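Below is one structure, written out as structure tokens; the observations come after it.
Everything quoted here is computed from the prediction, not taken from an experiment.
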Amino acid sequence: GAVVSQHPSRVICKSGTSVKIECRSLDFQATTMFWYRQFPKKSLMLMATSNEGSKATYEQGVEKDKFLINHASLTLSTLTVTSAHPEDSSFYICSVGPGNQPQHFGDGTRLSIL
Amino acid sequence: QKEVEQDPGPLSVPEGAIVSLNCTYSNSAFQYFMWYRQYSRKGPELLMYTYSSGNKEDGRFTAQVDKSSKYISLFIRDSQPSDSATYLCAMSAGYGGSQGNLIFGKGTKLSVKP
């Protein structure tokens, strides 16, 4: 299966800060990557689909101007949480779905906004 | 009714027990079914995936899908303390790059006591 690296693993920052999270596909050229969010005791929820070389597709209710996604290469997608507030504190996880295989996930980024 | 229902537990069993984890779903379009294991503060790790109805076995793990009942199960034989984790069921109508719309259960927290 695909190997996915996510960085950083943990971020603690003040309200109003913008935070960038990187997701790398280490052994597969991914035209598509996925970004999920997981709140405590809740399901993983798909936020957006990142498309290499084009705009991301956002799920209903996810603010595209707040969660900026860039997929500039076949191995890297970034999620930037702009002007983060305490309610944005969550566990953000990316995944890659190579070909006809199921999705493989990174280890996630735990974001805490003070 | 939520699309995917999963008992959050927690479930505590003695080492060596057989563990049964289950999910029910409402969307008859789902064809691909997955089980992920998630350790604390880590991303989900793929354990099993199946297409349509039937059984699949991999070592101590057996996945069952009953599409007529909209019910899936994961069995763990000879459970070990290292199996202690949260188990997430996930399902989708599409596969690979079209699998973005992956719907997760809330996860069942399993604890295997030595």
Side-chain angles (χ1 to χ4, degrees), chain A residues 1-10 21 23 25 28-52 56-60 62 69 71 74 77 91-112, chain B residues 1-10 23-27 30-52 56 58 61 63 65 72 74 85-109:
Chain A
V3 180
V4 182
S5 174
Q6 194 170 335
H7 179 80
S9 59
R10 183 85 164 98
I21 302 169
C23 179
S25 175
F28 172 74
Q29 293 189 318
T31 56
T32 304
M33 295 186 182
F34 305 101
W35 287 97
Y36 290 81
R37 181 168 52 182
Q38 186 179 33
F39 290 107
K41 301 188 187 300
K42 300 289 186 183
S43 307
L44 270 81
M45 295 294 292
L46 179 67
M47 297 176 65
T49 301
S50 172
N51 303 300
E52 188 267 336
T57 305
Y58 290 83
E59 295 300 301
Q60 191 174 7
V62 178
I69 291 173
H71 193 154
L74 290 172
S77 174
F91 192 48
Y92 293 84
I93 315 175
C94 67
S95 75
V96 171
N100 288 326
Q101 296 181 36
Q103 290 178 29
H104 292 263
F105 289 82
D107 271 343
T109 297
R110 190 163 301 277
L111 177 62
S112 299
Chain B
Q1 181 187 12
K2 294 181 181 177
E3 274 198 289
V4 179
E5 300 271 8
Q6 183 177 10
D7 186 340
C23 288
T24 59
Y25 62 96
S26 58
N27 189 343
F30 289 148
Q31 296 190 81
Y32 299 92
F33 304 91
M34 286 134 282
W35 285 95
Y36 288 87
R37 177 173 61 195
Q38 186 175 24
Y39 292 111
S40 181
R41 304 182 187 279
K42 293 290 187 181
E45 170 194 9
L46 180 68
L47 279 178
M48 302 282 284
Y49 70 95
T50 53
Y51 169 72
S52 195
K56 186 172 184 178
D58 184 1
F61 299 91
V65 175
I72 69 170
L74 177 71
T86 296
Y87 290 80
L88 305 165
C89 65
M91 47 199 80
S92 72
Y95 216 44
S98 64
Q99 203 191 5
N101 203 12
L102 196 59
I103 308 299
F104 281 87
K106 284 187 177 181
T108 299
K109 188 170 184 178

Tell me if the NZ atom of K56(B) is crowded by more than 12 foreign heavy atoms within 6.0 Å.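 Yes, enclosed.
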Not counting sequence neighbours, which residues clear side chain to side chain contact (heavy atoms under 4.5 Å, CB included) with T57(A)? List them please.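 Checked T57(A) against side chain to side chain contact (heavy atoms under 4.5 Å, CB included); matches are T49(A), N51(A).
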Working to the nearest 0.5 Å, report the span between [atom1] of [X] and [atom2] of [Y].
X: T109(A); Y: R41(B); atom1: OG1; atom2: CZ; result: 13.0 Å
X: Q38(A); Y: T86(B); atom1: CD; atom2: OG1; result: 8.5 Å
X: Q6(A); Y: K42(B); atom1: CD; atom2: NZ; result: 11.0 Å
X: S43(A); Y: Q6(B); atom1: OG; atom2: CD; result: 8.0 Å

Which atom pair, heavy atoms only, marks the closest approach of P44(B) to F105(A)?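 Heavy-atom minimum between the residues: O-CB, 3.5 Å.
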G43(B) versus F91(A), closest heavy-atom pair with distance: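 Taking G43(B) first and F91(A) second, the nearest heavy atoms are N-CZ, 4.5 Å.
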Within the 4.5 Å heavy-atom criterion, are Y36(B) and L44(A) side-chain neighbours or not?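 They are not in contact (no side-chain heavy atoms under 4.5 Å apart), so the answer is no.
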Which is it for L102(B) and Y36(A) under the side chain to side chain contact (heavy atoms under 4.5 Å, CB included) test, yes or no, and what are the steps along the way? CA-CA 10 Å; L102(B) 196 59; Y36(A) 290 81; 3.3 Å; yes
Apply salt bridge (Lys or Arg N to Asp or Glu O under 4.0 Å) to K106(B) and list each qualifying residue two or more places apart in sequence or on a separate chain.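 K106(B) satisfies salt bridge (Lys or Arg N to Asp or Glu O under 4.0 Å) with no residue once adjacent residues are dropped.
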